[in-house]
2 protein chains.
Amino acid sequence: MIIRTPNDLGALIRDRRIKLGLDQISLAKRAGTSRKWLVEVEHGKPRAAIGLILRTLRALDVSLKVNDGSKSRGIEHFSPSVDIDEHLDRLRKKP
Amino acid sequence: MIIRTPNDLGALIRDRRIKLGLDQISLAKRAGTSRKWLVEVEHGKPRAAIGLILRTLRALDVSLKVNDGSKSRGIEHFSPSVDIDEHLDRLRKKP
DNA sequence: TAGCGATGTCACCGATCGATTACTTGCGAA
DNA sequence: TTCGCAAGTAATCGATCGGTGACATCGCTA
């Protein structure tokens with residue numbers, strides 16, 4: 001499962017919670033947070049704190065890893081032109 | 001690379017940024033955020049907003065995926081006792 | 001060593017957070 | 001259909017956020 005948006009993450013947390021047979025109160029307690037926060041995060045709250053999210057994932061015995069697929073190779077091809085454009089912009093700003 | 005803490009994430013963002021030859025201003029601009037925020041996130045800011053973090057990762061052409069290794073299998077073994085303990089606690093609270 | 005670009009830090013501001021408590025609504029089993 | 005549990009939502013509060021602009025410090029190259 002790829003995580004690209006807060007909604008993806010919320011769905012993951014809910015899915016895992018249900019699979020473990022936990023209710024929101026139990027997971028919130030394990031994660032050291034509030035049920036209210038968990039409700040919001042499960043619905044994709046974009047401004048939820050990363051530290052609490054990672055703690056919640058740990059409470060679900062889940063961690064995340066970097067998804068380095070074909071996209072990563074794509075970066076290598078595009079990298080030179082990206083650098084040049086960025087630095088030309090920066091130079092133009094300098095009088 | 002496994003992401004378990006805000007520091008892990010901050011290190012990933014910095015590492016990728018440098019590999020792409022970007023400075024903080026350029027990446028902040030691409031991610032639609034401020035340089036200040038990026039500085040803090042790169043240093044492991046635990047209360048940074050998940051939505052901004054995921055956007056920043058996208059600007060680096062990185063996504064995250066769920067790390068389902070031996071830990072995942074471990075959950076299956078421990079799951080029954082965990083459920084029982086949680087629900088016994090909940091029952092004891094009910095008069 | 002000097003200079004310059006990059007990174008680190010500060011002050012300020014309106015917006016939002018996360019926790020607590022309580023009430024409302026939804027869902028599934030009997 | 002009814003009931004009970006779980007999930008959804010609201011009010012309140014002190015803490016912190018993220019952005020802007022400016023200054024301080026660091027690191028690297030000539």
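Numbers restart at 1 for each chain; the letters A, B, ... are given by sequence-line order, proteins then strands.
In this structure, NZ of A/Lys29 is placed 15 Å from P of C/dA19, rounded to the nearest angstrom. The NZ atom of A/Lys36 sits 8 Å away from the C1' atom of C/dC17 (whole-angstrom rounding). Between the CG atom of B/Leu54 and the P atom of D/dG18 there is a distance of 13 Å, given to the nearest Å. Atom CG of A/Leu38 is separated from atom C1' of D/dA6 by 12 Å (rounded to the nearest Å). Rounded to an integer number of Å, the gap from A/Glu40 CD to D/dA7 P is 15 Å. For B/Asp23 and D/dC28, the CG to C1' distance is 15 Å, given to the nearest whole Å. Nucleotide C/dG26 holds its P atom 18 Å from the CD atom of A/Glu42, rounded to whole Å. Protein atom CD1 of A/Ile50 is 15 Å distant from nucleotide atom C1' of C/dC17, rounded to whole Å.
Residue A/Gly51 is classed as having no contact, given no heavy-atom separation below 4.0 Å to the nucleic acid.
When distances run from any side-chain atom of A/Lys45 to the nucleotides C/dT20, D/dA7, C/dC17, the shortest one goes to C/dC17. Checking C/dG8, C/dT16, C/dA19 against the side-chain heavy atoms of B/His43 singles out C/dG8 as nearest. For A/Thr33, the listed nucleotide lying nearest its side chain is C/dA19; candidates were D/dG18, C/dC17, C/dA19. In this structure, the nucleotide among C/dG18, D/dG19, C/dG8 sitting nearest to the side chain of A/Leu52 is C/dG18. You'll find that the side chain of A/Arg47 is closest to D/dC17, out of C/dG18, C/dT7, D/dC17. Considering only the side chain of B/Arg14, C/dT7 comes nearest among D/dG18, C/dA19, C/dT7. The listed nucleotides are C/dG18, D/dA6, C/dA19; the one nearest the side chain of A/Ala48 is C/dG18.
Between B/Gln24 and C/dG8 there is a side-chain polar atom (N or O) within less than 4.0 angstrom of OP1 or OP2. Contact annotation: B/Arg17 side-chain N/O to C/dT7 OP1/OP2 distance is under 4.0 Å.
B/His43 and B/Asn7 get closest at one heavy-atom pair: O-OD1, 3.3 Å.
Checked options A/Arg47, A/Lys45, A/Arg14; the residue passing with A/Glu40 is A/Lys45 (criterion: salt bridge (charged side-chain N to carboxylate O under 4.0 Å, His left out)).
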inquiry  = Determine whether A/Val66 and B/Arg16 satisfy the following criterion, side-chain contact (heavy atoms from CB on, under 4.5 Å), listing intermediate values before the conclusion.
reply    = CA-CA 11 Å; A/Val66 179; B/Arg16 288 309 167 94; 3.7 Å; yes
ask   = Does the pair B/Leu54 and B/Leu64 meet the rule for a side-chain contact (heavy atoms from CB on, under 4.5 Å), with working shown?
value = CA-CA 9 Å; B/Leu54 292 174; B/Leu64 299 172; 4.3 Å; yes
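Each of A/Arg35 and A/Val41 has a nearest nucleotide on DNA chain C; the 5'-most of these lies closest to A/Val41.
Looking at A/Arg55, its side chain does come within 3.5 Å of a backbone N or O of A/Gly32 through a donor-acceptor pair.
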